K.L.:
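My questions all concern the structure below.
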Amino acid sequence: MAGPLPVLVQGLGPMGLKILHAAQADPDFDVVAAVDVAEPLAGRDLVDVAPGAPPGITIQPTLQQARNAAAATADLRDAIVLHATGSYLKAVAPQLEDALQLGLHVVSTCEELSYPFVRHPNRSRELEGLARAAGRTIVGTGVNPGFVMDQLVVTLRAASHAIRAVTVRRVQDPRPRRLPFQRKVGLGLSRHDYDTLAASGKFGHVGLEESGWLVAAGLGWDIDGWTTTLEPVQPDPQGPVLGTLQRLQGATADGRTVLLHFEAHSGVEASFDEIEIDGTPPLKLRFVGGVFGDDATAAAVLRAARVIPSAARGLLTVLDLPLRARPHSE
């Protein structure tokens with residue numbers, strides 16, 4: 001890289017602020033703008049909301065206004081939007097489209113953007129067309145999907161062949177995590193409220209199927225279809241729900257299998273992440289204590305942003321990103 005990459009942070013909720021602080025502390029990035037539509041935030045000085053942030057940045061309600069303000073003092077030719085406003089692609093797609101039309105790259109925490117081609121084929125084509133027309137790159141990433149349950153699995157393929165099965169277990173206590181994550185897994189809900197939210201289709205960990213498709217794509221497997229389960233963890237039938245257990249299973253026609261197990265509840269004795277690959281040789285990788293999701297998500301976003309100048313243009317996945325930013329001299 002020739003110098004720090006200019007970044008605009010869109011979405012100043014708990015995750016957006018985590019990303020903002022990580023970018024501010026990283027010499028590879030220059031935070032030049034912030035965007036949030038929330039009335040308590042828009043129009044305020046960023047340092048009032050995020051102590052330690054660059055002075056003189058006013059939080060803007062739209063990306064267009066933020067870009068215009070930043071352009072007065074910064075070179076935005078390689079500017080990247082660090083986007084953290086939602087998990088569902090349909091809801092955030094207009095923001096992503098605006099960014100591309102403004103000539104900005106995008107790295108988003110939207111889970112459904114991590115592999116949108118199956119669930120949202122039409123929207124994927126639209127985003128791909130906009131990105132290519134603008135000469136920009138857009139990618140969705142995070143700790144999961146984006147790393148533990150997919151990218152890391154595909155990386156381990158380099159050390160094993162003739163793979164017959166992949167099993168990933170992500171088991172964590174949600175209490176140290178940000179409040180939106182705790183709500184997403186149902187911590188403290190009544191069983192009635194849990195079942196109501198589960199029936200809405202907008203509940204639980206978002207992105208497990210996207211992780212499955214990333215694994216399949218990285219291994220070159222044709223999965224016939226996925227079986228998913230979503231269950232409350234409620235040891236006491238009269239007590240509150242402690243969290244969620246989700247599983248995703250898929251198989252190829254010749255019997256090769258993928259199992260993704262996601263467990264987040266307050267009864268977890270010790271958090272961990274574990275990947276098992278039944279291949280030659282067999283592999284087992286375990287993170288004792290687990291990969292802390294909030295900090296790791298910020299790291300994943302910055303890692304993706306760091307290599308954007310060296311990446312292809314269009315709608316990418318984490319599997320398409322280069323491992324490093326190409327040195328400026330190359």
Side-chain angles (χ1 to χ4, degrees), residues 11 13-19 38 84-92 108-115 119 140-150 167-214 226-250 258-274 287 289-298 300:
M15 195 66 250
L17 288 174
K18 182 77 71 172
I19 292 168
T85 69
S87 299
Y88 298 100
L89 185 54
K90 183 178 179 180
V92 306
S108 176
T109 62
C110 175
E111 288 93 333
E112 288 191 345
L113 185 66
S114 62
Y115 197 91
R119 199 190 297 269
T141 189
V143 66
N144 179 46
F147 181 65
V148 173
M149 301 188 87
D150 38 62
T167 302
V168 186
R169 298 180 182 88
R170 184 157 167 80
V171 177
Q172 54 189 303
D173 183 344
R175 289 174 293 183
R177 299 288 301 277
R178 65 193 188 280
L179 186 58
F181 179 84
Q182 296 178 20
R183 291 172 176 162
K184 196 161 55 174
V185 300
L187 179 63
L189 292 180
S190 69
R191 180 59 182 269
H192 176 270
D193 289 344
Y194 183 100
D195 290 343
T196 299
L197 288 169
S200 73
K202 300 292 184 181
F203 182 67
H205 171 64
V206 184
L208 200 62
E209 186 170 323
E210 282 71 21
S211 283
W213 287 118
L214 281 167
W226 299 106
T227 299
T228 62
T229 59
L230 172 66
E231 304 172 0
V233 176
Q234 187 185 25
D236 179 0
Q238 305 305 315
V241 171
L242 303 186
T244 287
L245 172 61
Q246 290 178 244
R247 289 165 66 91
L248 178 82
Q249 294 177 277
V258 176
L259 169 61
L260 304 183
H261 173 107
F262 177 85
E263 187 176 340
H265 59 88
S266 59
V268 169
E269 292 185 6
S271 298
F272 69 90
D273 291 295
E274 184 177 85
F287 292 93
V291 178
F292 186 69
D294 296 353
D295 292 331
T297 294

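The shown structure was predicted, so the numbers you read here are calculated from the model rather than taken from an experiment.
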K.L.:
How close do S87 and E111 get, heavy atom to heavy atom, and via which atoms?
P.N.:
OG-OE1, 2.8 Å
K.L.:
Can you find a pair of side-chain heavy atoms, one from S211 and one from N144, that are under 4.5 Å apart?
P.N.:
yes
K.L.:
Just jot down the salt bridge (Lys or Arg N to Asp or Glu O under 4.0 Å) partners of D294, sequence neighbours excluded, or say none.
P.N.:
R177, R178
K.L.:
Only counting residues at least two apart or in another chain, list the ones meeting salt bridge (Lys or Arg N to Asp or Glu O under 4.0 Å) with E274.
P.N.:
R169, K284, R286
K.L.:
Would you check if R175 and L187 make a side-chain contact, meaning some heavy-atom pair closer than 4.5 Å?
P.N.:
yes
K.L.:
Using 0.5 Å steps for rounding, measure from the CD1 atom of I19 to the CG atom of D295.
P.N.:
11.0 Å
K.L.:
Show the numbers, then the answer: is there a side-chain contact (heavy atoms from CB on, under 4.5 Å) between Q172 and V268?
P.N.:
CA-CA 6 Å; Q172 54 189 303; V268 169; 6.0 Å; no
K.L.:
Would you please name every residue forming a ring-ring contact (aromatic ring centres under 6.0 Å, His included) with F181, sequence neighbours left out?
P.N.:
none
K.L.:
Using 0.5 Å steps for rounding, measure from the CG atom of D150 to the OG atom of S114.
P.N.:
6.5 Å
K.L.:
List for me each residue that meets salt bridge (Lys or Arg N to Asp or Glu O under 4.0 Å) alongside R247, sequence neighbours excluded, and say none if there are none.
P.N.:
none
K.L.:
Quick check: closest heavy atoms across L260 and L208, and the distance to 0.1 Å?
P.N.:
CD1-O, 3.6 Å
K.L.:
Would you say the side chain of H261 lies within less than 4.5 Å of the side chain of V171, judging by non-hydrogen atoms?
P.N.:
yes
K.L.:
If you compare all heavy atoms of V241 against all heavy atoms of Y194, which two are closest, and at what distance to 0.1 Å?
P.N.:
CG1-CD1, 3.7 Å
K.L.:
Indicate the atoms forming the closest heavy-atom contact of S266 with D173, along with that distance.
P.N.:
CA-OD1, 3.8 Å
K.L.:
Nearest heavy-atom pair of L197 and L189: which atoms, and what distance?
P.N.:
CD1-CD1, 3.6 Å
K.L.:
Using the side-chain hydrogen bond (donor to acceptor under 3.5 Å, both in side chains) rule, collect all pairs that involve residues 226-241, keeping only residues at least two apart or in two chains.
P.N.:
R191-Q234
K.L.:
In the structure I gave you, are the side-chain heavy atoms of V206 and E112 within less than 4.5 Å of one another anywhere?
P.N.:
yes
K.L.:
As an exercise, state the distance from CG of L113 to CG of L89, rounded to the nearest 0.5 Å.
P.N.:
6.0 Å
K.L.:
Ignoring hydrogens, what is the shortest heavy-atom contact between P235 and P237? Give both atom names and the distance.
P.N.:
O-CD, 3.5 Å
K.L.:
Any donor-acceptor pair under 3.5 Å linking the side chain of T109 with the backbone of G142?
P.N.:
no
K.L.:
Supply the atom-to-atom distance R170 CZ to M149 CE, rounded to the nearest 0.5 angstrom.
P.N.:
7.5 Å
K.L.:
Please name all residues satisfying side-chain contact (heavy atoms from CB on, under 4.5 Å) with Y115, sequence neighbours left out, ordered by chain then number.
P.N.:
F117, V118, E210, W213, L214, A217, T317
K.L.:
State the NZ-SG distance between K90 and C110, to the nearest 0.5 angstrom.
P.N.:
13.5 Å
K.L.:
Taking the side chain as every heavy atom from C-beta outward, state whether P180 and M15 have any pair of such atoms under 4.5 Å apart.
P.N.:
no
K.L.:
Would you compute the distance between atom NE2 of H205 and atom CG of L230 and round it to the nearest 0.5 angstrom?
P.N.:
11.5 Å
